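Notes follow once the structure below has been shown.
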Amino acid sequence: MTTSTLPPNAVRVYNTLSKQKEPFEPLTPGKVGIYLCGPTVYKEAHIGHMVGPVIFDAIKRYLVYCGYDVTWVVNITDVDDKLIDEARKRQLTMQQIAEENIADYVGNLQALGVDQIDVMPKATEHIGDIIDFISNLIEKGFAYDADGDVFFDVMRDPDYGKLSNRSADDQQGEGGGAAAKKRSPSDFALWKSAKPNEPSWDSPWGQGRPGWHIECSAMSHKILGETFDIHGGGLDLVFPHHENEVAQSECCHGKPMVKYWMHNGLMRAAAAGKVGGRTEREAQADDADTPAATKETKISRSKGAGGLAELIKRHGGERIRFFLLRTHYRSTIVFNDEGIEEAGTGLETFHRFFERYARVTGQDYYSLPANGRRSDGEFDPQSDALLGKVHAHRESFLAKMDDDFNTGAAVSELFELVRLLNRFMDRQKLEAAEYQDPHAMASLQRGVQTLRELSSILGLFQQAPDKPGGGDALTGKLMELMIALRAEARANKDYATSDRIRDGLRELGITIEDRKDGTGWRLE
RNA sequence: CGGUGGGUAGCUCAGUGGGUAAGAGCGCCGUAUUACAGGUACGGAGGACAGGGGUUCGAGCCCUCUCCCACCGACCA
């Protein structure tokens with residue numbers, strides 16, 4: 001067995017800062033720190049909020065798989081104008097609003113299989129760190145206190161604009177309001193003085209609360225250090241949020257804040273009915289009140305998007321995760337209900353395969369070991385025809401992941417792998433016990449192990465999907481009886497009766513499948 | 001207007017430091033397995049890669065111009 005060491009620079013990532021793909025080399029060999037901008041928890045999450053968490057969950061899994069020790073941080077903004085407004089509107093405290101929506105957010109993450117986050121710091125738990133950070137900036141002359149408000153002095157930072165490729169000079173802010181206190185219109189708030197009845201904290205500049213950007217600088221510094229490897233977020237955060245973060249952190253520490261900036265594409269809502277081939281389903285659309293957008297628009301809470309929890313309830317988290325992973329993280333994802341539905345159809349191919357595999361080998365796919373390392377998964381296909389192809393798909397899958405985490409392309413390798421394995425079972429007639437060749441069975445199992453390995457990198461098929469009831473013993477007995485009755489009818493060529501049984505069961509959501517080795521059934 | 005990301009099969013998306021035959025999923029048609037259906041496999045229809053120009057022996061991939069779409073444009077925009 002060869003334990004080949006993987007090339008150290010196999011992974012390449014697209015860096016927003018340089019606008020090109022760069023070889024991935026962590027600052028500290030073997031260790032990776034990732035900071036992802038999380039939600040402002042003033043309302044329930046929508047599907048757009050899951051793009052970053054899902055892709056970074058896969059990224060972390062992949063980096064761990066490649067042997068890195070990864071720390072992944074996702075922050076929670078729990079103090080902000082919007083939270084204050086919401087609290088006022090609903091006659092609750094800001095903290096109550098935050099707690100409610102954090103619960104929603106965490107529940108959504110869990111449903112989508114996002115379980116790789118190491119730390120979820122809240123802004124309100126780091127007020128001290130934030131104040132220290134601001135004090136430091138003032139001491140160094142990069143920020144100034146203006147009557148209880150503290151602003152960052154953009155003109156003192158010659159690098160300002162390097163991430164979003166804008167110069168402060170180009171950007172003329174509007175006059176009036178708080179702008180009157182600013183030295184330059186492009187200065188932004190680090191600390192906001194408290195207005196009456198607002199949540200506030202003591203500070204050297206009086207009662208107040210942190211500005212929008214400073215928490216990320218302070219918390220990433222506290223948890224990951226002055227310079228860390230990867231900072232992620234949505235494309236819409238490049239400016240001003242991340243631009244301001246870099247300015248704050250780099251002026252404060254005098255060194256680069258982040259080595260690789262990674263930004264995921266945004267999601268758009270699309271008109272319903274554009275996804276192909278739904279003529280059948282359209283006719284019998286059961287829960288037909290899909291919101292009919294007429295054109296594509298950005299999904300945002302300000303436009304009323306929400307209801308992710310409801311979407312998850314309707315489709316299940318795995319579908320949504322798969323839907324998100326099917327595209328490249330940097331491209332725009334067009335979202336509609338049919339798209340999720342279609343992703344689910346693709347997913348069923350895998351689920352059926354796992355059932356078939358269990359029938360043939362008696363092994364439960366979901367029990368196969370899944371938390372391997374890249375080097376563990378290496379194998380020598382020798383002269384085994386099947387394993388030679390499996391090996392090639394594995395190489396291809398990994399090459400695609402190495403190339404800026406191209407999960408969409410990697411998914412197509414998964415499909416090809418399944419087809420390969422299905423074909424093998426067909427040709428080797430593995431379904432019929434009397435033909436089962438031990439060598440072929442061993443090859444199949446080795447091939448499926450690789451499928452398990454690769455799909456786990458994407459966090460797919462971690463657990464058996466929830467079947468809507470029906471797993472109980474009584475149902476099993478009843479089905480045995482129905483199938484026996486139907487078999488009798490078929491033997492007598494009484495197809496009217498056998499079809500009546502099959503059609504009747506279908507209406508109950510049970511699909512009958514006649515196979516060589518007997519009749520099986522499955523709940524849809 | 002400035003910045004950013006896009007425009008590839010009916011639909012949703014891939015396309016690896018440019019190279020003989022353009023890929024996946026879904027949808028559609030057919031064949032095999034066969035009463036039929038479902039499943040699986042195989043095969044097929046369907047793309048001159050937004051448009052023009054350029055570099056190159058050779059470009060979907062590089063350069064340039066144009067058109068179209070989306071997002072961001074400093075936080076009482």
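First the proteins, then the strands, lettered A, B, ... as listed; each starts at 1. All figures in this text were calculated on a predicted structure; none of them were measured in a lab.
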Report task. May I ask you to list the residues of residues 319-327 of chain A, by number, that have any heavy atom positioned under 4.0 Å from an atom of RNA chain B? Result ->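 Residues of residues 319-327 of chain A under 4.0 Å from RNA chain B: A/R326, A/T327.
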
Requested in this report: Name the nucleic acid region contacted by A/H213, choosing base, sugar-phosphate or nothing; use a 4.0 angstrom heavy-atom cut-off, strictly under.
Outcome: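 Result for A/H213 = base.
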
side-chain N/O [X] vs [N] OP1/OP2, d < 4.0 Å:
X	N	value
A/S331	B/rU12	no
A/R506	B/rG38	no
A/R427	B/rU40	no

Out of [options], whichever nucleotide has its closest atom nearest the side chain of [X]:
X	options	result
A/D236	B/rC26, B/rC72, B/rA37	B/rC72
A/T511	B/rA35, B/rA24, B/rG38	B/rG38
A/R486	B/rG39, B/rA35, B/rA41	B/rA35
A/Y14	B/rG5, B/rG38, B/rA35	B/rG5
A/F415	B/rG25, B/rA35, B/rU40	B/rG25
A/E416	B/rG15, B/rG23, B/rC71	B/rG23
A/N165	B/rA35, B/rG3, B/rC13	B/rG3
A/Y160	B/rA74, B/rU4, B/rC13	B/rA74
A/D81	B/rG15, B/rC76, B/rG38	B/rC76
A/N406	B/rG15, B/rG38, B/rC72	B/rG15

Mutual orientation of the aromatic rings belonging to [X] and [Y] [parallel < 30°, tilted 30-60°, perpendicular > 60°]:
X	Y	answer
A/F151	A/Y144	tilted
A/F350	A/F354	tilted
A/H241	A/W212	parallel

Query raised in the report: Out of curiosity, A/K122 NZ to A/N75 CG, how far, rounded to the nearest 0.5 Å?
Result: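 The distance works out to 11.5 Å.
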
Query raised in the report: Is the ring of A/Y495 stacked on the base of B/rA35, with centres less than 5.5 Å apart and planes under 30° off?
Result: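 Here the ring of A/Y495 and the base of B/rA35 are stacked, with centres under 5.5 Å and planes under 30°.
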
Nucleotide opposite [N] in a Watson-Crick or G-U pair, distances under 3.5 Å:
N	result
B/rC1	B/rG73
B/rG19	B/rC57
B/rU12	B/rA24

Query raised in the report: With rounding to whole Å, what would you report as the distance between B/rA48 and B/rU8 at their C1' atoms?
Result: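 Rounded to whole Å, the distance is 12 Å.
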
Query - Contact nearer the 5' end of RNA chain B, comparing A/K400 with A/G211 - result: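 The answer here is A/K400.
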
Requested in this report: Select from A/R330 and A/D426 the residue whose nearest nucleotide in RNA chain B is closer to the 5' end of that strand.
Outcome: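 Its nucleotide being nearer the 5' end, the pick is A/R330.
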
Query raised in the report: Are the aromatic ring centres of A/F56 and A/Y329 under 6.0 angstrom apart?
Result: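 Ring centres of A/Y329 and A/F56 not closer than 6.0 Å.
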
Query raised in the report: Does the gap between the ring centers of A/H242 and A/H263 come in under 6.0 Å?
Result: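 A/H242 vs A/H263: aromatic centres under 6.0 Å.
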
Query - Residues which pass side chain to side chain donor-acceptor pair (under 3.5 Å) with A/R321, listed by chain and number, not counting sequence neighbours - result: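 Per chain and number, A/R321 pairs via side chain to side chain donor-acceptor pair (under 3.5 Å) with A/D57.
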
Query - Atom NZ of A/K21 with >12 non-hydrogen neighbours under 6.0 angstrom - result: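 Counting other residues, nucleotides and ligands, NZ of A/K21 exceeds 12 neighbours.
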
